[in-house]
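What follows is a single structure, written as structure tokens, with notes after it.
Naming: A, B, ... by sequence-line order, numbering from 1 per chain. Everything numeric in this text was worked out from a predicted model, so none of it was measured.
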Number of protein chains: 2
Amino acid sequence: MQLDPNHLVMLASVVDEGGLTPGAHALGKSQPSLSRTLAALEARLGQPLFEKGRRPLVPTELGAALAAQGRVIRQASGEASTQADLYIGGKTGAVRVAGTPVFMDAVIATMIAGFQQAHPNVRIDQSYGYAETLIRDVDSGSLDLAICPLPPGELPDRVAFEEILQGRNVIACRMGHPLARKRALKLEDIAHYPWIAPPTNSPLYQDLRAILQEIEVEDVKVSFSGGSISAVRTVLEGSDSLTILPYSVLFMMRQQKALTALDIRIHHVPRNLGIISPADRPERPAVRRFHRHIATEFKTLAHSISHAQQNSLWRA
Amino acid sequence: MQLDPNHLVMLASVVDEGGLTPGAHALGKSQPSLSRTLAALEARLGQPLFEKGRRPLVPTELGAALAAQGRVIRQASGEASTQADLYIGGKTGAVRVAGTPVFMDAVIATMIAGFQQAHPNVRIDQSYGYAETLIRDVDSGSLDLAICPLPPGELPDRVAFEEILQGRNVIACRMGHPLARKRALKLEDIAHYPWIAPPTNSPLYQDLRAILQEIEVEDVKVSFSGGSISAVRTVLEGSDSLTILPYSVLFMMRQQKALTALDIRIHHVPRNLGIISPADRPERPAVRRFHRHIATEFKTLAHSISHAQQNSLWRA
DNA sequence: GGCATAATATAACCTGATGCTATGCAATTG
DNA sequence: CAATTGCATAGCATCAGGTTATATTATGCC
């Protein structure tokens, strides 16, 4: 005997509310509707669901048994409803985000932490990658968002690119570095210190090569290479090495007072940090929420940076 | 967002079967039906349930989450279906049956055991009572069936009474009783033995009084009274007491070879054992099954009794 | 690449379930 | 016994959801 889940829910409502009228009210339907439907159900079953001729309506054994299943269905249905509402509201779901390692670890991780605070049930699946693969993965749909620097001219086809921060690199060293307090450094001042090189496939590495070429340092000593920002920072703090870092990354670490930037102008990097997202496909609610969060956080960050620069607390 | 349980079941079916066509087949519906319904659901949600433009159909996060609830609903619905089938088939449910203590314990209990064997999920709620209250309780609906002896003429109003066994009482004693092997007993033979009396409110007690009056025994010694059949039997077995018992009760105990009947004619009891059931109200399936079981068992019993008598294995 | 194949989406139609209001009828209560 | 409350029934309207036929779209193979 095939039974309609809706009928079972109606039955459960009537049993639980203690009558057709309150039961109908609880379901937002009319009393005759329930009466007819349950009468039809009784006819189908060939068995009464309620004791006949009694007026606080009392369910039969069968009625009680079926009502129990109706409750399960009502519960599951309600669960589905709230799940859907949460999902649509972006309170649940997964976000697959990737970016260049240094930015992800030094900048985005903090923003993710803030997002998790407000949306603990959104799962963030983070991974690392560089521009080419990021664009491909966003385009193919295996990635929801990507954060990476791109040359201003080279706006990628088929995906959207939203600039969020001007690219600017600085030469970083530990706070107590011999060069840290010197003003208007010369090229020869930095020539003698060892360098920490980013992974060779990273854009930063290209920037480093460009800078070294610019300051005409040929035989650079590379003391460490290939590490994450965490490893780089640890090595920087414990030595007199220099490295190249995005200014924003250094800015995010300003609270720790461990690293600083050298007072030397280096060539402007023709690269702007931005968010890559699918151009055609609409974002899932959780992705949209996360996207917005990242975007506003970066706006705040950009504002902080320019504010800090105006106050000369930090030098260019 | 209110969701229709049926839609969730459809979704679950499509997800589990791996496509609209097999999903529709599993539900016994057509493919366009599912397609349209799920498309409408997606429109309501504003979110896709399946990844677009992929074929093997793969559910989205939301689709998978809702399908999980759909599975719960399908499960509960199926559970309700089998529950209903079992109930209608009389394989489940409760039977409220009562009867006079001696018959219930000595005769009906055995039949209940046999019934439980075949219907382990039917709950038997047994109680004790005598004719008046039994009839009242069956009529009021607080009892499904009652088994008790009634005088042939006094067919009760408003309830059905189905005769199942001719009433006939005998005087019972232990197998090795001094009178057990004697033939054609006289009244004076039994006058000296103590008696076990049934509860004073039982019909058997009236029968006992009638018999004693018949055989003109006035100053009867009652050595024990008010006990259940089990207690009576124990006392009978351990003494030379006599008592009055329905022949069928004694017959049911014949295997144990503990008790026997005296070879003495006593007045025929104007009382037939029968099943009392509601006249108007239809019986619930489990009750109907139990009723039939009892009835056929009694037919068998009646047959056995007459067969045994013909073979003279037992004397009248 | 393009065709063959298989599965899904759409169209058009129709039936029946289910919503409503109005009202009759039965059970409970004072 | 009358009043009240609540369930059952009737009649009507609507639309969700079933069908078949057909267009459209992925996918796999040559």
Going by an N to O cut-off under 4.0 Å, is there a salt bridge joining E42(A) and K52(A)? yes
Identified side-chain hydrogen bond (donor to acceptor under 3.5 Å, both in side chains) counterpart of E283(A) within the set R292(A), R289(A), H291(A): H291(A)
Testing dG18(D), dT18(C), dA9(C) for proximity to the side chain of S35(B), the answer is dA9(C)
In this structure, how many angstroms lie between the P atom of dT9(D) and the CG atom of L38(A), rounded? 12 Å
Can you say whether a donor on the side chain of Q31(B) sits under 3.5 Å from an acceptor on the base of dA9(C), or the other way round? yes
Listed nucleotide nearest any side-chain atom of P32(A), set dT10(C), dG11(D), dA22(C): dA22(C)
Side-chain donor-acceptor pair under 3.5 Å between E17(B) and H25(B), yes or no? no
Short side-chain N/O contact to dC7(D) OP1/OP2 from T21(A), under 4.0 Å: yes
Calculate the interatomic distance between E51(A) atom CD and dC7(D) atom P; express it in whole Å. 15 Å
Counting just side-chain N and O atoms, does H7(A) come under 4.0 Å of either OP1 or OP2 of dT18(C)? yes
Base, sugar-phosphate or nothing for N6(B)? Non-hydrogen atoms, less than 4.0 Å. nothing
When every non-hydrogen atom of L273(A) is compared with those of C148(A), the smallest separation belongs to CD1-C, 3.6 Å
Taking for each residue the nucleotide of DNA chain C with the nearest heavy atom, is it S33(A) or G53(A) whose nucleotide lies nearer the 5' end? S33(A)
Whole-Å distance separating the CZ atom of R44(A) from the P atom of dA17(C): 10 Å
Please determine, for the side chain of P56(B), which listed nucleotide (dG11(D), dA12(C), dT27(D)) has the closest atom? dT27(D)
Side-chain N or O of S30(B) less than 4.0 angstrom from OP1 or OP2 on dT19(D)? yes
Round to the nearest Å and state the distance from L20(B) atom CG to dT10(C) atom C1'. 13 Å
Regarding dG28(D), can its base be found pairing with the side chain of R55(B) as donor and acceptor, where the two atoms are less than 3.5 Å apart? no
Roughly how many Å is it from CD in Q2(A) to C1' in dG18(D), rounded to a whole number? 15 Å
Nucleotide nearest K29(B) (side chain, heavy atoms from C-beta), chosen from dT19(D), dT10(C), dA22(C): dT19(D)
Calculate the interatomic distance between L34(A) atom CG and dC20(C) atom C1'; express it in whole Å. 13 Å
Measure the distance from CD on E42(A) to C1' on dT9(D) and round it to the nearest whole Å. 15 Å
Check R74(B) with D16(B), please: is the shortest side-chain N to carboxylate O separation under 4.0 Å? yes
Go through dA8(D), dG17(D), dT8(C) for me and flag the one nearest to the L57(B) side chain. dT8(C)
If I take atom NE2 in residue H25(A) and atom P in nucleotide dG19(C), what distance separates them, rounded to the nearest angstrom? 15 Å
